[in-house]
Amino acid sequence: MQASVIIPTYNEAENLPQLLAHIDQIQDQKLLEILLIDGGSTDQTLALAQGYSLVKTYSCPQKGRAIQMNLGAHLARGDLLYFVHADTLPPLSFLEDIAQALQEGFPMGCYRFQFNSSRKILRINAYFTRFDRLMCRGGDQSLFITAQLFRELGGFKSEYVIMEEYDLLQRARRRAPFKIMPKNILVSARKYEHNSYLKVNLANLLVFMMYFLGFSPGTLQKIYRRLLFSNS
């Protein structure tokens, strides 16, 4: 197994250095490359990625997490793709954890998560990520998938400007088993710091329900932004 870590970014200068320094601690030949796919950042995101030996930066012609991750997968040379958000920190053992999951017959999977916050109420969300239910998943938990399976699925659907991971997982799980690795990825609580706990969870629930009712990705994005980013 040789892994390509793919990080979609947009104005992540505040969080990216911590993630790259974290991964830079790993000395393992299974880590082939780190592909940073930027969606047109106007801050120092790209400049801050310089100086890391395995990091390759690319500017995506169009902003959108699905589009950026598809570009990363297209450019990746590894036979294993690991998609990581810029404001998360995976366990330093992620290569060994993924190798073990592959050996057990799981061509894709994710971690549970915990927030980088001392707020006890956020432990509720984190607790439910141990359960094998689609509603308990999300891109923050990171996703590993073999390059072969990703290609067979046709990658992320570019029209999904939100909920892209859910769409991919629905399609993928019809073809292959999914592993929830029993360790935590550390996730930024910044969304909850700018909005109330109740407001974020209601927004998540509403968009999740609208997704299954067949609303368009554009409508889902508008509703989500209106609920959580109206004051930004």
Side-chain angles (χ1 to χ4, degrees), residues 7-8 15 18-19 22 65-66 69 81-94 96-98 100-102 104-145 149 153 156 160-215 217 220-221 223-229:
I7 307 171
N15 297 291
Q18 185 179 13
L19 172 60
H22 181 73
R65 190 170 280 160
M69 291 191 291
L81 309 177
Y82 185 43
F83 298 97
V84 182
H85 288 185
D87 61 347
T88 62
L89 295 177
L92 288 175
S93 61
F94 72 82
E96 290 78 11
D97 299 337
I98 293 172
Q100 178 64 35
L102 292 172
E104 293 172 359
F106 295 95
M108 61 178 175
C110 71
Y111 282 108
R112 304 172 182 177
F113 74 62
Q114 69 181 72
F115 287 105
N116 63 347
S117 170
S118 59
R119 293 178 63 188
K120 292 183 180 179
I121 196 169
L122 293 180
R123 296 178 187 174
I124 298 172
N125 297 58
Y127 177 79
F128 282 99
T129 60
R130 69 190 61 217
F131 298 115
D132 191 10
R133 296 290 184 271
L134 186 64
M135 191 174 185
C136 301
R137 302 278 68 81
D140 287 337
Q141 294 167 260
S142 69
L143 171 70
F144 80 82
I145 184 169
L149 179 56
L153 293 167
F156 294 97
Y160 276 90
V161 288
I162 187 173
M163 304 292 285
E164 68 280 347
E165 291 98 349
Y166 292 91
D167 170 73
L168 180 72
L169 285 179
Q170 277 192 292
R171 291 183 285 121
R173 297 195 63 165
R174 299 188 190 110
R175 306 179 62 139
F178 184 83
K179 172 79 171 182
I180 303 171
M181 295 180 286
K183 293 182 182 179
N184 292 326
I185 189 170
L186 191 65
V187 175
S188 170
R190 59 181 173 176
K191 193 181 298 180
Y192 292 89
E193 293 168 355
H194 294 95
N195 301 274
S196 70
Y197 175 83
L198 181 61
K199 189 174 184 180
V200 173
N201 283 286
L202 285 176
N204 288 342
L205 178 61
L206 177 60
V207 170
F208 186 82
M209 293 174 63
M210 291 175 66
Y211 166 77
F212 276 100
L213 289 171
F215 283 81
L220 298 180
Q221 184 186 51
I223 294 295
Y224 194 70
R225 286 181 171 176
R226 188 179 303 162
L227 289 171
L228 296 185
F229 303 104

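Residue indices begin at 1 and follow the sequence shown. Keep in mind that the numbers below use all heavy atoms, side chains included, and drop hydrogens, waters and symmetry copies.
- A pairwise comparison of heavy atoms in Pro107 and Ala176 identifies CG-CB, 3.5 Å as the closest pair.
- Between Leu227 atom CG and Leu202 atom CG the span is 8.5 Å, to the nearest 0.5 Å.
- Under the side chain to side chain donor-acceptor pair (under 3.5 Å) criterion, the residue pairs touching residues 127-137 are Asp132-Arg173, with sequence neighbours excluded.
- The side chain to side chain contact (heavy atoms under 4.5 Å, CB included) check on Ala172 picks up Met108, Leu153, with sequence neighbours excluded.
- Of the possible polar contacts, none joining the Lys199 side chain to the Leu228 backbone as a donor-acceptor pair under 3.5 Å is found.
- The CD atom of Glu164 sits 10.0 Å away from atom CG of Leu169, with the distance rounded to the nearest 0.5 Å.
- Contact check for Tyr211 versus Gln170: side-chain heavy atoms found under the 4.5 Å cut-off.
- Of the inter-residue distances, the one linking Ile7 atom CD1 with Thr88 atom OG1 reads 8.0 Å to the nearest 0.5 angstrom.
- In this structure Asn125 satisfies the side chain to side chain donor-acceptor pair (under 3.5 Å) test together with Tyr192, Tyr197, Asn201, sequence neighbours excluded.
- Side-chain contact check for Pro90 versus Tyr82: some heavy-atom pair is nearer than 4.5 Å.
- Proximity of Leu102 to Phe144: side-chain heavy atoms (C-beta onward) are separated by under 4.5 Å at one or more points.
- A 4.5 Å side-chain heavy-atom check between Leu19 and Asn15 finds every atom pair outside the cut-off.
- Applying the ring-ring contact (aromatic ring centres under 6.0 Å, His included) test to Tyr166 and every residue at least two apart in sequence or in another chain returns Phe208.
- Within a 6.0 Å radius of CE in Met209, other residues, nucleotides and ligands contribute 12 heavy atoms or fewer.
- Smallest separation of non-hydrogen atoms from Ala189 and Asn116: N-OD1, 2.9 Å.
- Every residue two or more places apart in sequence or in another chain that forms a side chain to side chain contact (heavy atoms under 4.5 Å, CB included) with Gln114 is listed here: Asn184, Leu186.
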TODO: Decide side-chain contact (heavy atoms from CB on, under 4.5 Å) for Tyr224 and Leu206; before the verdict, give the C-alpha distance in whole Å, the side-chain angles of both, and the deciding distance to 0.1 Å.
DONE: CA-CA 9 Å; Tyr224 194 70; Leu206 177 60; over 6 Å; no
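- Across every non-hydrogen atom of Gly139 and His85, the tightest pair is C-CE1, 3.4 Å.
- When side chains are defined from C-beta on, Glu165 does not count as touching Gln141, because their heavy atoms never get closer than 4.5 Å.
- For Phe156, the ring-ring contact (aromatic ring centres under 6.0 Å, His included) partners two or more places apart in sequence, or in a different chain, are Phe83, Phe150.
- Atom CZ in Phe115 sits 11.0 Å away from atom CD1 in Ile121 (nearest 0.5 Å).
- By the ring-ring contact (aromatic ring centres under 6.0 Å, His included) test, Phe178 pairs with no residue at all, sequence neighbours left out.
- The salt bridge (Lys or Arg N to Asp or Glu O under 4.0 Å) analysis of residues 186-198, with sequence neighbours excluded, yields the pairs Glu12-Arg190, Asp87-Arg190.
- Considering only residues two or more places apart in sequence or on other chains, Gln18 meets the side chain to side chain contact (heavy atoms under 4.5 Å, CB included) condition with Leu89.
- Under the salt bridge (charged side-chain N to carboxylate O under 4.0 Å, His left out) criterion, Arg123 pairs with no residue, sequence neighbours left out.
- Other residues, nucleotides and ligands contribute more than 12 heavy atoms inside 6.0 Å of the CZ atom of Phe212.
- The CG atom of Leu220 lies 12.0 Å from the CZ atom of Arg225; values are rounded to the nearest 0.5 Å.
- Note that the CG atom of Asp167 and the CZ atom of Arg171 stand 4.5 Å from one another [nearest 0.5 Å].
- In this structure, the salt bridge (charged side-chain N to carboxylate O under 4.0 Å, His left out) partners of Lys179, at least two apart in sequence or on a different chain, are Glu104.
- Asp97 pairs by the side chain to side chain contact (heavy atoms under 4.5 Å, CB included) definition with Pro91, Ser93, Tyr111, Met181, Lys183, not counting sequence neighbours.
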